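Each remark here refers to the structure printed beneath this line.
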There are 2 protein chains.
Amino acid sequence: MDGRIVELKTKLEIYRAMAGPGANLADCPIRDVICNISGKWNSLLLAALAEKPYRFGELRRLVPDISQRMLTQTLRDLQRDGYVHRDVFPTKPPSVEYSLTDLGRSMFEALRHLMQWAERNHAAVRDARTRFDAAAF
Amino acid sequence: MDGRIVELKTKLEIYRAMAGPGANLADCPIRDVICNISGKWNSLLLAALAEKPYRFGELRRLVPDISQRMLTQTLRDLQRDGYVHRDVFPTKPPSVEYSLTDLGRSMFEALRHLMQWAERNHAAVRDARTRFDAAAF
DNA sequence: CAGCATCCCTCCGGATACTG
DNA sequence: CAGTATCCGGAGGGATGCTG
């Protein structure tokens, strides 16, 4: 299946206007990047770590209703993409500190715009939603 | 300060405020908004419609490997949140045109920062990813 | 042309229990 | 303290067929 090639081509066409003519996309970056920061807890943890480094247990207390499984998994995903650095101190008992990398800080700077917009326009979105649902009947 | 710290605290405070008993995290504005633009096809369709209005079939040809089901559903979701306007022309056969609303354009302006970042730093993210996977074994 | 309906399957994410 | 391991329900999303 040549879906990837086709998709790549459409991506190029679609983003030509905003990316400029020199845009040489090696892959489909938007989905690839956005999918990994749009999880249920990702933006929240990124916001926390952008404030200051935190240890595992601190994050757990800071976000009480995240399951331990999802906290581990989300942190690993963020680390895998290079946004988060993981420091292990072989003390007894061991402690692990998480912090944003330069790449993470750079990315969060872009994400901030969207978070800011979301906070300011949340009411408008919710209004549109209820209006749409009402019109459905 | 530069407003950045304030912004981050705001987000954490929003979370803390509703982290009480019986709190529904679906009310978190950031997640509530971001979740609905972070689907598999959402950013792609938004980018397309930000270019110019399109009809249903045009979008289908523009993004060949989206299933018809997902195209319909994604457009409805975007319309529900007030980002997309749906114009029906009762011609024969009927035609439907989709376009961005003012709210949609406003939101896409914020989203663009993230998309641009993704395009520019996609290689760095992929490098980090392969490095992480290699270190695992 | 622009959808809706149906089947089906993957995988996200919560709950719970165990370990170095 | 900072994780792994396992089970499982439900939402997300693809393929196909039918309609006004």
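Just so it is clear, the values below take in all heavy atoms, side chains as well, and ignore hydrogens, waters and symmetry mates. Here the structure is a predicted model, which means the values were calculated and not measured. Residue numbering restarts at 1 for every chain, and letters A, B, ... go by the order of the sequence lines.
- Put simply, CD on Gln73(A) is 15 Å from P on dA15(C), counting in whole angstrom units.
- Rounded to whole angstrom, the span from the CD atom of Gln68(A) across to the P atom of dA5(D) amounts to 12 Å.
- Rounded to a whole Å, the CZ atom of Phe56(B) is 11 Å from the P atom of dC1(C).
- We find that CD of Glu97(B) is positioned 17 Å from C1' of dG3(C), with the value rounded to whole Å.
- Residue Arg60(B) is classed as having no contact, given no heavy-atom separation below 4.0 Å to the nucleic acid.
- With rounding to the nearest 0.5 Å, the separation of OG1 in Thr101(B) from OH in Tyr83(B) is 9.0 Å.
- Across all strands shown, Arg69(A) has heavy atoms under 4.0 Å from base atoms, whether or not it also approaches the sugar-phosphate.
- Put simply, CZ on Arg76(B) is 13 Å from C1' on dA2(C), counting in whole angstrom units.
- Closest to the side chain of Arg55(B), out of dA2(C), dC4(C), dG13(C), is dA2(C).
- The side chain of Lys40(A) sits closest to dG14(C) out of dC1(C), dG14(D), dG14(C).
- Closest contact between the side chain of Tyr98(A) and the listed nucleotides dG14(C), dG3(D), dG13(D) involves dG3(D).
- For the pair Leu75(B) CG and dG13(D) P, the interatomic distance rounds to 14 Å; values are reported in whole Å.
- The residues Asp32(B) and Arg129(A) are annotated as salt-bridged, a charged nitrogen and a carboxylate oxygen being separated by less than 4.0 angstrom.
- Between Glu109(A) and Arg112(A) there is a salt bridge, since at least one side-chain N of the basic residue sits less than 4.0 Å from a carboxylate O of the acidic one.
- If you take CD1 of Ile66(A) and P of dC12(C), they are 15 Å apart, rounded to a whole angstrom.
- Contact check on Asp81(B) versus Arg76(B) returns no salt bridge, with no Lys/Arg side-chain nitrogen under 4.0 Å from an Asp/Glu carboxylate oxygen.
- Non-hydrogen atoms lying under 4.0 Å from DNA chain C are contributed by Arg86(B), Pro93(B), all within residues 85-93 of chain B.
- No side-chain heavy atom of Tyr98(A) sits under 4.5 Å from any side-chain heavy atom of His85(A).
- Straight-line distance from the CG atom of Asp65(A) to the P atom of dG13(C): 14 Å, rounded to whole Å.
- In this structure, of dG3(C), dG14(C), dC1(D), it is dC1(D) that holds the atom nearest to the side chain of Arg61(A).
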### Task
Take Asp77(A) and Asn36(A) through the test side-chain contact (heavy atoms from CB on, under 4.5 Å) and record every step on the way to the result.
CA-CA 7 Å; Asp77(A) 289 346; Asn36(A) 283 332; 5.6 Å; no
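- Looking at Tyr54(B) and Arg60(B), their side chains never come closer than 4.5 Å, going by heavy atoms from C-beta outward.
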